[in-house]
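Below: the structure, in structure tokens.
In what follows, chains carry the letters A, B, and so on, assigned in the order in which the sequence lines appear, proteins first and then strands, with residues in each chain numbered from 1.
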Protein chains: 2
Amino acid sequence: MADILKFDEQRNSAPDEKFELLHKHSLFAAMPDDMYPRFTSAAKTLTLKKGAQLFLQDDPAEWFYFIVSGWIKLFRETVDGDEAVLDVLTKGHIFGESAIFDGGVHVAGAAVAENAILLSFPTSLLKGAITKNHDVALGMLASISRTRRQQSQDIEKLSLQNTSQRIACFLLRMCRANDAQNVSLSLPYDKSLIAARLSMKSETFSRALNKLQRETSISIKGSTVIIPDTNELAVFTCSHCSQEFPCGDLH
Amino acid sequence: MADILKFDEQRNSAPDEKFELLHKHSLFAAMPDDMYPRFTSAAKTLTLKKGAQLFLQDDPAEWFYFIVSGWIKLFRETVDGDEAVLDVLTKGHIFGESAIFDGGVHVAGAAVAENAILLSFPTSLLKGAITKNHDVALGMLASISRTRRQQSQDIEKLSLQNTSQRIACFLLRMCRANDAQNVSLSLPYDKSLIAARLSMKSETFSRALNKLQRETSISIKGSTVIIPDTNELAVFTCSHCSQEFPCGDLH
DNA sequence: CGTTGACTTGAGTCTATTCAAATCCTGTGG
DNA sequence: CCACAGGATTTGAATAGACTCAAGTCAACG
């Protein structure tokens, strides 16, 4: 499987480049100088095509991953085949690491949503590092806390917001870094995956997006989104949220 | 406020009794012998009536709490007044502690769902303990991981299960400790709060419960639930979940 | 015994879903 | 560079599930 799903790396980033991003992550930033190299030297670089499966829920966790580029979806599948998308992550994030505290098995599956370059590390190495080193444990706490905060957000939204409001919030989060005016951006992954990430069917997503275009001045063509005024979206969704716009970063 | 909302403690548990439960929690169990007493001597016992508010979202977190008895709801309130119930906790659980990693403010409000006895501790004490002691940090990791796992569950359920299925799952979890046959139990808190915990309106909860009674052999009178055969409920809900019955403990 | 709040029931509405069909887009081979 | 297959997305129509608002019932408590 792995062979078929690899793709040719376009611009081969120098080793240093990958690890620079890595070192900014709270988990790796916390490592002492003699420990960090053990991770970088144990790291394997994976170059994966859209659709590749990293692991499934309940798989024993031998590896955890750092995303250098691309998008990874975390999901759970029910007995009768439905899929819930828990999160879709991109560069700078790690995943699969929490299995250490979940009995050594993954509590969600992971698959490549958009061609990705990953670094993989043995979970045993991280487990040892957390056990031995206090600062790494603190880095892990910071990292897990971030995802817990994000999940609280998600639960709130699923409970209280309708489909267009969830989409509006998704779009707002995508243009957080930009100006408030005339934001132009490109949807990072398939619309059907955005729909699943927001817990709705893709037909519903399509219709709700139309509704947003009718009721605000945003326009979408293909994967290009133009948002003349983010405040307009904020009015639409943010009063149905516990946090006022602009809300803090979650990732 | 605190005065009005206090209630007379029925059977005054001996100090040892409260702390025995406390010591079983992964966070406190991890403490070295010279640290634990600092927590128990700083602990204040709170005896609170249903309805009392402990703190609100965005409040600076001065205290965190351990539940000796009763039920506590954690919630978030939107700008326009809607409420999402993130969790409802009972004895043996802590809450408010994660503010340490959330910028020192609570990311959810907390209120008493059923008359409760709590122990409160200064967050500064915990923050110091986690910073200084490696084992406490590991205990905290275990504790946060548990809630993260629970939240993943919740998101999955909100995404994929309908109202009756969520209720059936809730009931199954309540009789996990018992036998599979002829379980009789009492709902632990108001039906309207169960409804909110499961992200539905109380009218919907009432109707969905009726539906469950029509379609399985369970019966509910007031807050008393009789479940002749848990497998019947499992058939109803568990194929719409990523975990087979009997699923593991989350708390 | 009446009041209050919790819960249930009824009727109508709206949101999101399903299933089916049409349309658009993209990567591929010629 | 273009045509085409296959997948992704959109649209339509009908349905189902959950919600709102209003009214009724029940039970605990003073």
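- Residues in residues 200-231 of chain A take part in no ring pair (Phe, Tyr, Trp, His ring centres under 6.0 Å) pair, two or more places apart or across chains.
- At a threshold of 4.0 angstrom between heavy atoms, the contacts of A:Ser192 are confined to the sugar-phosphate backbone, with no base atom among them.
- Legend: residues meeting side-chain hydrogen bond (donor to acceptor under 3.5 Å, both in side chains) with B:Ser120, ordered by chain and number and at least two apart, are absent.
- Residues passing the side-chain hydrogen bond (donor to acceptor under 3.5 Å, both in side chains) test with B:Gln57 are A:Ser242, sequence neighbours excluded.
- A tilted orientation is assigned to the rings of A:Phe95 and A:Phe55, their planes being inclined by 30° to 60°.
- Across all their heavy atoms, B:Cys238 and A:Val79 have their closest contact at O-CG2, 3.8 Å.
- Of all non-hydrogen atoms in A:His106 and A:Leu56, the two that sit nearest each other are CB-O, 3.9 Å.
- The ring pair (Phe, Tyr, Trp, His ring centres under 6.0 Å) pairs that include a residue from residues 151-173 of chain A number zero, where partners must be two or more places apart or lie in different chains.
- Terminal axes of the helix from C:dC1-D:dG30 to C:dG30-D:dC1 (five pairs each, C1' rotation axis) are separated by 30°, to the nearest 10°.
- For B:Glu215, the side chain to side chain contact (heavy atoms under 4.5 Å, CB included) partners at least two apart in sequence or on another chain are B:Lys211, B:Phe236.
- The shortest heavy-atom contact between A:Cys175 and A:Ile227 is SG-CD1, 4.0 Å.
- Enclosure of atom CD in B:Gln213 by more than 12 non-hydrogen atoms of other residues, nucleotides or ligands within 6.0 angstrom is indicated.
- The existence of a salt bridge linking B:Lys73 and B:Asp190 is excluded, since no basic side-chain nitrogen approaches an acidic carboxylate oxygen closer than 4.0 Å.
- Between chain A and DNA chain D, the heavy-atom contact criterion of under 4.0 Å yields a 5' to 3' nucleotide range of D:dT9 to D:dA13.
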Test A:His240 against B:Asp80 for side chain to side chain donor-acceptor pair (under 3.5 Å), laying out the working first.
-> CA-CA 6 Å; A:His240 303 276; B:Asp80 60 3; 3.3 Å; yes
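- Map B:Thr204 and A:Ser206 each onto its nearest nucleotide of DNA chain D; the residue landing nearer the 5' end is A:Ser206.
- Contacts of residues 211-227 of chain B with DNA chain C (heavy atom under 4.0 Å): none.
- Applying the salt bridge (Lys or Arg N to Asp or Glu O under 4.0 Å) criterion to B:Asp102, with sequence neighbours excluded, gives A:Arg148, A:Arg149.
- Listed by chain and residue number, B:Ser199 satisfy the side-chain hydrogen bond (donor to acceptor under 3.5 Å, both in side chains) test with A:Ser159 (two or more places apart in sequence, or in another chain).
- Each of B:Glu203 and A:Phe205 has a nearest nucleotide on DNA chain C; the 5'-most of these lies closest to B:Glu203.
- Note that the first and last nucleotides of DNA chain C, 5' to 3', having any atom under 4.0 angstrom from a heavy atom of chain B are C:dC7 to C:dA11.
- Contacts between residues 162-169 of chain A and DNA chain C, counted as heavy-atom distances below 4.0 Å, involve A:Asn162, A:Thr163.
- For the pair B:Trp71 and B:Ala116, the tightest heavy-atom approach, listed with the atom from each and the gap, is N-CB, 4.3 Å.
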